[in-house]
Structure formats: C-alpha cells, structure tokens
Amino acid sequence: MKTEDTLRTRYLTLMRQDLPRRAAEENWVIRFDHCFMRVVLDNMFGGRWYEHISGRPAYKHLSIEQLKEAIAAAEAILEQGPPLLNRLNAQSLAWRRAATRQVPAPPDNTEPLFPEPEG
C-alpha cells in the first residue's frame with residue numbers, strides 16, 4: 001500500500017472509529033465523525049476548512065503533509081481528551097460564527113495546537 005493510502009486509512013480510522021468510540025465511552029461533547037473532522041481541519045487551516053480545500057470529501061484532497069498533521073492532531077485529541085478537544089472545538093466554532101457574521105475572527109493567542117508531524 002502506498003504511503004498516501006496508509007495515511008488516508010489511518011486518518012479515517014481515527015475520525016470514524018477511534019475518536020467516536022472514545023467519545024461515546026467517556027461522554028464527550030462531540031461524538032460524531034464529521035464533527036471531529038471539522039474540529040481538526042478547521043484548526044489546521046485556521047478557519048473553515050472548505051475555504052482551503054478544493055474538493056470533497058476533504059480527506060481525498062489533503063496532501064501527505066496535511067494528512068500527517070491531521071493524524072497528529074487526532075492522536076493528540078485521543079491522548080489529551082476533552083481539555084484539548086473542547087478548546088479546539090470552541091476555536092472552530094468561533095471562526096465559523098465570525099465568518100457567518102462577516103466580522104474578523106477572534107485573535108488566536110494560543111500556542112501551536114498540534115505537534116509537528118514526524119517523518
């Protein structure tokens with residue numbers, strides 16, 4: 001299997017199985033795969049992901065580096081749980097509210113959210 005295929009498979013496993021399973025077990029605020037995808041991708045791009053990716057579904061249009069970053073983010077959420085997830089979700093929703101109201105998004109005064117991808 002190609003590296004790109006392996007990364008896409010890992011991304012989908014995290015988003016469709018691992019995160020939703022843990023969320024259901026621990027009663028997280030977010031439980032559905034599409035919500036996890038929104039949170040991760042919005043935070044990767046610093047705004048609504050679909051303004052940065054030309055096609056849908058998003059995972060088919062991510063570069064190898066973007067896939068690595070998304071995987072690292074999802075793994076960080078699995079490791080850190082609600083404290084990280086809630087912060088990322090709040091940021092994603094703030095960007096979306098700001099875009100809907102046509103006003104500037106709140107300043108991003110946080111440290112980098114995800115570790116640099118390895119490899």
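Numbers here are sequence positions counted from 1.
In this structure, the separation between CZ on Arg16 and CG on Asp33 is 6.5 Å, given to the nearest 0.5 Å. In this structure, Cys35 SG and Ile30 CD1 are separated by 5.5 Å, a value rounded to the nearest 0.5 Å. The line from CG of Asp18 to CZ of Arg10 is 5.5 Å long, rounded to the nearest 0.5 Å. In this structure, Asn43 CG and Leu84 CG are separated by 8.5 Å, a value rounded to the nearest 0.5 Å. One distance of note links CZ of Arg56 with NE2 of His61; it measures 10.0 Å at 0.5 Å rounding. Rounded to the nearest 0.5 Å, atoms CH2 (Trp49) and CE (Met37) are 9.5 Å apart.
For the pair Val40 and Leu88, the minimum side-chain heavy-atom distance is 4.5 Å or more. Contact annotation: the side chain of Pro82 never approaches that of Val29 to less than 4.5 Å [non-hydrogen atoms, C-beta and beyond].
Across Met15 and Ala70, no two heavy atoms sit closer than the pair CE-O, 4.5 Å. Across every non-hydrogen atom of Leu41 and Tyr11, the tightest pair is CD1-OH, 3.7 Å. In terms of heavy atoms, Pro20 sits closest to Phe36 at N-CE1, 3.7 Å.
Partner Ile71 forms a side chain to side chain contact (heavy atoms under 4.5 Å, CB included) with one of Glu75, Glu69, Lys68 and no other, that one being Glu75.
Within a 6.0 Å sphere centred on CZ of Phe32, heavy atoms belonging to other residues, nucleotides or ligands number 12 at most.
Counting only distance, with no hydrogens or angles, the side chain of Arg8 and the backbone of Leu62 share a donor-acceptor pair below 3.5 Å. Between the side chain of Asn89 and the backbone N or O of Leu85, no donor-acceptor pair lies under 3.5 Å.
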*asked:* Would Leu93 and Arg38 count as a side-chain contact (heavy atoms from CB on, under 4.5 Å) here? Give the steps.
replied: CA-CA 9 Å; Leu93 295 173; Arg38 170 189 53 82; 3.7 Å; yes
*List the steps and the verdict of side-chain contact (heavy atoms from CB on, under 4.5 Å) for Trp28 and Leu19.*
CA-CA 10 Å; Trp28 290 2; Leu19 287 165; 4.1 Å; yes
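In this structure, His52 and Phe45 have parallel ring planes: the angle between them is below the 30° cut-off, well short of the 60° mark.
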